[in-house]
Each structure stands twice: as structure tokens, then as C-alpha cells.
Undergrad: 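Provided herewith is a single structure, encoded as C-alpha cells, for subsequent inquiry.
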Amino acid sequence: MAEAASDLAARTAHPRNSTVANAPAARAPRAKRSAAPAITVSPTPKHLTAVRGPLLGWYDRNKRDLPWRRTRDPYAIWLSEVMLQQTQVSTVIPYWERFLARFPTALALASAPLDDVLAGWKGLGYYSRARNLHRAAQEVVARFGGRLPSTAEELLTLPGFGRYTAGAVASIAFGEEAPLVDGNVARVLSRLFEVEGLPGDKEREATLWALATALVKGERPGDFNQALMEHGATTCRPESPLCLLCPVRGACVAFRKGRVDELPPAKVRATPKKLTLALAVWPHAGTLLFARRADSGLFGGLWELPAAEVDADLPEAEAAARLASALGSEVKLEGTLGTVKRQLTHRDLTLRLLRVSGAQRPTRAPAFQELRWCTPAEAAALGMSTAMQRALDAALGSGVLNGD
DNA sequence: TAAGCGTGGCT
DNA sequence: TAGCCAAGCTT
């Protein structure tokens, strides 16, 4: 990939030879042209200039006033980038402010128990981000004296830093001419330079990164990267882009050719798989039993009403038996408390609430990292998925703890 | 490498 | 309504 980028950078220095093929074979003599057309772009220096300046100027006039744009603290910027992965700005703002108040420095974050970190992430989703953030903070303390390294290359060695996040932090927090490509940038560049190919296509990705690499060179790389993203988020939107307000319309190949609506092609998404969990609602003395899930997989490391995967149509008694097995404890089925449905991107989740009791109350179990008996107030402070929070609300709303 | 991983906003 | 999508990373 670095080859494709430098290939492009080198070629763009020569206006009359600026067509770039990003196929890996493009650098070697090709025996035969492949059946599929090579993905090519023609970023002449003139074209790059026609994009860079106007976009930066547009950004200066139109950028949103976002809280992480008011700080120069690399840690705070890093945090914003991690939270913003696959998550919308309006969702992130309150989380970012709360999390930063609770864990104001990389050292504070590194020193905190993972449980507290997950609690601070509660409801934000993609919880492995929080676990990786925590691990990375500990590495920053151990390897870099508590200060985030300043280059994309070094950042890339930390957990949770992929190519995007490394480029974002390096350019925004440290001013490195490091490129980035996120969903917004991919869309913007696809249109501006008529980049073909489906999302995930390797050649397409190489082309986009090569373009981003060429474009970011110059003054204020961090602002330019943000300008690309901001433009994609507010103007060059997926649906109904605001081309009449676009500052780089004149440089947009897709606009000139009337192809804005067809670039980039939509991502093909798999239909969500059904997942049914039986949940143990086990009241005792004003508390309920909670369990902490394994660190990997769905809702990794989070607390829940003890759950066991079951077939959707499994009879209640057998579902209760599964819970008994997971808890390593005898369980008596007392009744059912309904179901809660949640739609995740990749899962169609059904939570079946089973009210249970037992003579022996377990304090540890084979299927869980940890068990804990918590009052509702104590449970509110646990790291828990929104799905599980809904199930808990339903259980409490049914009055299981009343007169218990 | 493709699949797994959450949530809420928007149309 | 139901589907699409968002400042992606990991294994």
C-alpha cells in the first residue's frame, strides 16, 4: 500500500503522466490486461490543488463547533477519535465530556480498573474499543512515559489504533502529514476522482489511500483531514448530497458526469442472524444476580442478567436448565417475565426473561468471569449493554423485587 | 480474509 | 416502518 501511495505521489509530480493504476501489478510489466478494468484515477497536481485549497477554506468558514476541536490535548483528541469510530457525532459528545472528566489523562485511564472504564463506555457500543483504549493507555504509560507518541507509525503499534485512527491523531494532534480514509473520505474521494469499486475492494482502498496521501501534503494537515470528513458528513452526504453548496463542485468528476448518485456503490450487508438468550432473573433480599461476560465476543466484559444462548423455541423449563448449567447451580423456574427484542447491526437479538430461584445462591459460575448480587442502584453503575439495560428495566418494571 | 462487533439517528 | 448508515479495528 505504501508503494501505491508513493507511486502516486511520484507520478503526480509529472502532469503528463499522472494516471495511476493501483493494481499491485501496475508497477511491473503486465503480461496481459486483466478482464476486469483496472481501477484508475487521474489526480493531476492541478486537480489536487483545486480540491485542497477550496476545501480548507470552506472548512474554516463552516466547521462545526465540536468540543474536541477546542482542545489540543492529544489524549482528548485520541479519545474522540476512538469514540467516533462507527458512531455519530451527536451520540459521542456527551460521552466524550463525561469520560474525559472521569479519566482526564492517559495515566488516569491506565490506572483505572477495566470495570470502571467499561462503565464509562456504557451504552456507547462496540465495547472492544473501550478495552483496547484501556490497554493502549497502559502501554502509553509503560512504553512512552504517559505521553502519546506523535507519529502515525508509532501510534499504529498501540491497541485500537488502525490506519484511520493513527492518521487522525497524528495529523490532528501532532500536525503530521498523515493521511486518513474513513467512510466520509471514501465517499468524497470516490466522487471527486471517480473511484470505482465496492467498499472493501482492495484496489479501491489502495486508490483512496493514495489520493488521501497526495492531498494531505501541505499546510495544516489535521485541518485538511477534518475538512474532508466534515465535507462528507455535512455536504457530500450519502443520500441527497448538497452539490449546489459544494465548494469543490468544479473539481468533482462525478458531478460533471452526473454520477454523484451512483458513487460510491452501497455496501452489501449480511442479514442479521437471530440470537436468543435466556436471562436469569433471580431476586434475593432486594438484589438480583448479575454476571460478567467473557472478555471476547458480543458484549465482551460487560455485566448482564446471567445469560445462556438457547434456540428460539426452546421450552421454558429447558431454557432454565441451560441457565442452571451456566451458573453451575440448581435453579427453580418460578415464571416468565416476557421478552425484550433488540436489533443490532449483525444480530437480531431476543432476550427471554426467566424468573428463577434456588436454595443455594451462587457466587461464582463456570460460564462467567464473575457473579455479583446487586441492588438496582448498584447495578446502575455496572458496565452493561443497552440491550441488557432494557431487559433489566423490564424485569424491575415487572416488580420482581417488590416484597421480596 | 471475511466475519464479528452496538447503538441511535435519519429517511 | 424498516433499512441504511456513521470519524473502524481485530482476529
Side-chain angles (χ1 to χ4, degrees), chain A residues 59 63-64 66-69 77-96 118 121-133 135-136 155-173 178-188 198-202 205 208-209 212 222-234 236-241 264-273 275 293-302 304 341-349 383-390:
Chain A
Y59 178 71
K63 66 180 175 186
R64 291 170 289 180
L66 304 177
W68 43 86
R69 288 182 176 158
I77 292 168
W78 168 30
L79 179 63
S80 76
E81 290 301 337
V82 175
M83 287 188 166
L84 284 162
Q85 290 169 8
Q86 300 286 284
T87 308
Q88 298 187 337
V89 165
S90 58
T91 302
V92 166
I93 291 175
Y95 277 93
W96 183 82
L118 290 172
W121 208 268
K122 179 178 189 171
L124 194 53
Y126 284 137
Y127 298 93
S128 66
R129 293 182 295 174
R131 292 198 303 276
N132 287 331
L133 183 71
R135 282 174 50 209
L155 290 166
L156 211 40
T157 67
L158 294 167
F161 275 87
R163 211 167 167 193
Y164 165 80
T165 307
V169 172
S171 65
I172 298 170
L180 60 77
V181 175
D182 71 334
N184 287 312
V185 175
R187 181 173 58 257
V188 169
L198 291 165
D201 179 290
K202 224 179 154 187
E205 305 304 324
L208 294 172
W209 279 94
D223 282 346
F224 176 75
N225 279 336
Q226 293 190 80
L228 269 180
M229 294 190 283
E230 187 87 345
H231 177 59
T234 64
C236 195
R237 308 183 300 200
E239 303 291 331
S240 315
K267 201 175 298 182
V268 182
R269 286 175 194 271
T271 55
K273 295 176 180 171
L275 177 64
R293 296 174 64 85
D295 277 330
S296 62
L298 186 67
F299 304 138
L302 298 187
E304 65 181 4
K341 288 189 169 295
R342 283 289 289 179
Q343 198 67 45
L344 314 183
T345 301
H346 54 297
R347 295 286 185 187
D348 190 354
L349 194 57
M384 196 177 295
S385 67
T386 299
M388 195 55 58
Q389 188 65 55
R390 296 285 158 80

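A, B, ... follow the sequence lines: proteins, then strands. Residue 1 opens every chain.
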Undergrad: What I want to find out is whether A:E205 reaches A:R163 closely enough, with some N-O distance under 4.0 Å, to be called a salt bridge.
TA: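 A:R163 and A:E205: not salt-bridged.
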Undergrad: Out of the candidates A:K63, A:H231, A:R69, only one should pair with A:Q226 under the side chain to side chain donor-acceptor pair (under 3.5 Å) rule; please name it.
TA: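 The residue from A:K63, A:H231, A:R69 that satisfies side chain to side chain donor-acceptor pair (under 3.5 Å) with A:Q226 turns out to be A:R69.
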Undergrad: Closest approach of A:A212 and A:V181, non-hydrogen atoms and distance?
TA: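 The answer is CB-CG2, 3.8 Å.
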Undergrad: For A:K122, which contact category applies under a 4.0 Å heavy-atom criterion: base, sugar-phosphate, or nothing?
TA: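 It contacts nothing in the nucleic acid.
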Undergrad: Using only atom types and a distance under 3.5 Å, with no angle test, would you say the side chain of A:E230 pairs donor to acceptor with the backbone of A:R64?
TA: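 Such a contact is found between A:E230 side chain and A:R64 backbone.
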Undergrad: Is the side chain of A:R129 donor-acceptor paired with the backbone N or O of A:V82 at a distance under 3.5 Å, no angle test?
TA: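 Judged by distance alone, yes, a pair lies under 3.5 Å.
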Undergrad: Is any NZ, NE, NH1 or NH2 atom of the basic residue among A:R293 and A:E304 found under 4.0 Å from an Asp or Glu carboxylate oxygen of the other?
TA: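 Here A:R293 pairs with A:E304 in a salt bridge, since their nearest N and O are under 4.0 Å apart.
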Undergrad: Just to confirm, is there a sub-4.0 Å distance from OP1 or OP2 of C:dA6 to any side-chain nitrogen or oxygen of A:R187?
TA: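 So the side-chain polar atoms of A:R187 do come within 4.0 Å of the phosphate oxygens OP1 or OP2 of C:dA6, strictly under.
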Undergrad: Starting from P on C:dT10, measure out to CG on A:L298 and report it in whole angstrom.
TA: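 Those two atoms, CG and P, are 19 Å apart.
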Undergrad: May I ask you to say what A:S385 touches in the nucleic acid, namely base, sugar-phosphate or nothing, with a heavy-atom cut-off under 4.0 Å?
TA: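 Counting heavy atoms under 4.0 Å across all strands, the contact made by A:S385 is with sugar-phosphate only.
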Undergrad: Treat a base pair as Watson-Crick or G-U wobble with both distances under 3.5 Å, then lay out DNA chain B in dot-bracket form, 5' to 3', with | for cross-strand pairs.
TA: .||||.|||||
Undergrad: Would you say A:Q85 reaches C:dG8's phosphate, i.e. side-chain N/O to OP1/OP2 under 4.0 Å?
TA: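 For C:dG8, neither OP1 nor OP2 has a side-chain N or O of A:Q85 closer than 4.0 Å.
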Undergrad: Check every strand shown and say whether A:T386 touches a base, only sugar-phosphate, or nothing at a heavy-atom separation below 4.0 Å.
TA: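 Touches sugar-phosphate only.
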Undergrad: Could you measure between the two P atoms, the one in C:dC9 and the one in B:dG8, and give it in whole Å?
TA: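 About 22 Å, rounded to a whole number of Å.
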Undergrad: Quick one: label A:G200 by what it contacts on the DNA or RNA (base, sugar-phosphate, nothing), any heavy atom closer than 4.0 Å.
TA: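 The residue A:G200 makes no contact with any strand.
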Undergrad: Tabulated below should be each protein N or O lying under 3.5 Å from an N or O of nucleotides 1-4 of chain C; please produce it.
TA:
none

Undergrad: Select base, sugar-phosphate, or nothing to describe what A:G232 touches, counting heavy atoms under 4.0 Å on all strands.
TA: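 The answer is nothing, as A:G232 stays clear of every strand by at least 4.0 Å.
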Undergrad: Students often get this wrong, so: under 4.0 angstrom with heavy atoms, is A:A387 touching a base, only sugar-phosphate, or nothing?
TA: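 A:A387: backbone/sugar contact only, no base atoms under 4.0 Å.
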Undergrad: Taking the side chain as C-beta and beyond, is there a heavy-atom pair between A:L344 and A:L298 under 4.5 Å?
TA: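 Yes, close enough: below the 4.5 Å cut-off.
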Undergrad: Does A:T165 reach a base, just sugar-phosphate, or nothing at all? Heavy atoms under 4.0 Å.
TA: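 Sugar-phosphate, no base atom in range.
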Undergrad: For a 4.0 angstrom threshold against heavy atoms of chain A, report the outermost contacting nucleotides of DNA chain B in 5' to 3' order.
TA: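 Answer, 5' to 3': B:dG4 to B:dG9.
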Undergrad: If you round to the nearest 0.5 Å, how far is CH2 of A:W78 from OG1 of A:T165?
TA: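 Going from the OG1 atom of A:T165 to the CH2 atom of A:W78 covers 10.5 Å.
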Undergrad: Within the distance-only criterion (no hydrogens, no angle test), does the side chain of A:Y95 pair as donor or acceptor with the backbone N or O of A:K122 below 3.5 angstrom?
TA: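 A pair under 3.5 Å: yes.
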Undergrad: Checking side-chain polar atoms at under 3.5 Å, does A:Q85 have a donor or acceptor matched by the opposite partner on A:Y164?
TA: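 Not at all, the side chains of A:Q85 and A:Y164 share no donor-acceptor pair under 3.5 Å.
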Undergrad: What nucleic acid atoms does A:W78 come within less than 4.0 Å of, heavy atoms only: base, sugar-phosphate, or nothing?
TA: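 Touches nothing.
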Undergrad: Would you sort out whether A:W68 and A:L84 count as a side-chain contact (heavy atoms from CB on, under 4.5 Å), showing the intermediate values?
TA: CA-CA 11 Å; A:W68 43 86; A:L84 284 162; 3.8 Å; yes
Undergrad: Report which part of the nucleic acid A:L133 touches: base, sugar-phosphate, or nothing (heavy-atom distance under 4.0 Å, all strands).
TA: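 No contact at all - A:L133 keeps every heavy atom at 4.0 Å or more from the nucleic acid.
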Undergrad: Output yes when a side-chain donor or acceptor of A:D223 lies under 3.5 Å from a complementary backbone atom of A:Y59, and no otherwise.
TA: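 Side chain of A:D223 to backbone of A:Y59: no pair is present.
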Undergrad: Looking across every strand, which nucleic acid part, if any, lies under 4.0 Å from A:N225 by heavy atom: base, sugar-phosphate, or nothing?
TA: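 Since no nucleic acid heavy atom lies under 4.0 Å of A:N225, the category is nothing.
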